[in-house]
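These notes are about the structure you will find just below.
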Amino acid sequence: MAEHIVTLITSGVTEIYSGMALGVDQWACEIVLDMKEIYPHIRLIAVRPCEAQAAHWNNEQQERYFKILAQCDDVVTMQARYTPSCIFERNRYLIENAKYVLAVYDGGTKGGTAYTVNFAKNKSRWITIIHPDTLTVSWVLNGS
């Protein structure tokens, strides 16, 4: 993932958006924050579905989340309170504001990542997909 983030940065990407979910989203944030030492011009923007995104996470997960959040250059919050649509609203916002998408995705047809990758394809985004089990990389260029 770090290699692909560096490729994006060295190709001219200056703003990196994250949905701040547990797992891959936060790993990517930590990589970007480390990269800011080498590439101080890049900006990390957290896009939260709601203010209480981490409310039901354990203490360690919350500490990590708020530590990352405090280091972001900007924070966008879709809704004050959780609603069934706020996560999809966040995912659409991420794609609407991105030219390039880096996804860790197993190719499944259900779930938030599948929805977001398909939305990115429909919006003709350049997508790099890393399979979580095999680490194989594939590309979708301009949604095709």
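These figures come from a predicted structure and were not determined experimentally. Sequential numbering from 1 along the given sequence is applied to the chain's residues. In what follows, every heavy atom counts, from backbone to side chain, and hydrogens, waters and symmetry copies are set aside.
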Less than 4.5 Å apart, side chain to side chain, heavy atoms only: is that true for [X] and [Y]?
X: Arg92; Y: Tyr115; value: yes
X: Glu89; Y: Thr83; value: no
X: Val24; Y: Met1; value: yes
X: His4; Y: Leu8; value: no

**Report entry** Set of side-chain contact (heavy atoms from CB on, under 4.5 Å) partners for Asn58, sequence neighbours left out
**Finding:** Glu60, Gln61
Query raised in the report: What residues form a side-chain contact (heavy atoms from CB on, under 4.5 Å) with Tyr39, not counting sequence neighbours?
Result: Val6, Ile9, Thr10, Met35, His41, Ile42
Please answer: with hydrophobic residues joined when any side-chain heavy atoms are less than 4.5 Å apart, are [X] and [Y] in the same cluster?
X: Leu102; Y: Leu33; value: yes
X: Ile129; Y: Ile95; value: yes
X: Tyr100; Y: Tyr93; value: no
X: Leu94; Y: Leu69; value: no
X: Val104; Y: Val47; value: no

Query raised in the report: What do the steps show when you test Ile5 against Ile16 for side-chain contact (heavy atoms from CB on, under 4.5 Å), and what is the final call?
Result: CA-CA 9 Å; Ile5 291 170; Ile16 299 173; 4.2 Å; yes
Taking the side chain from [X] and the backbone from [Y], do they hold a donor-acceptor pair closer than 3.5 Å?
X: Asp73; Y: Ile45; result: no
X: Gln53; Y: Thr77; result: no
X: Gln62; Y: Trp57; result: yes
X: Arg48; Y: Val75; result: no

Report task. Verify the neighbour count for atom CH2 of Trp27: are there more than 12 heavy atoms of other residues, nucleotides or ligands below 6.0 Å? Result -> no
**Report entry** Polar contact flag, side-chain donor to acceptor under 3.5 angstrom, Tyr17-Arg90
**Finding:** no
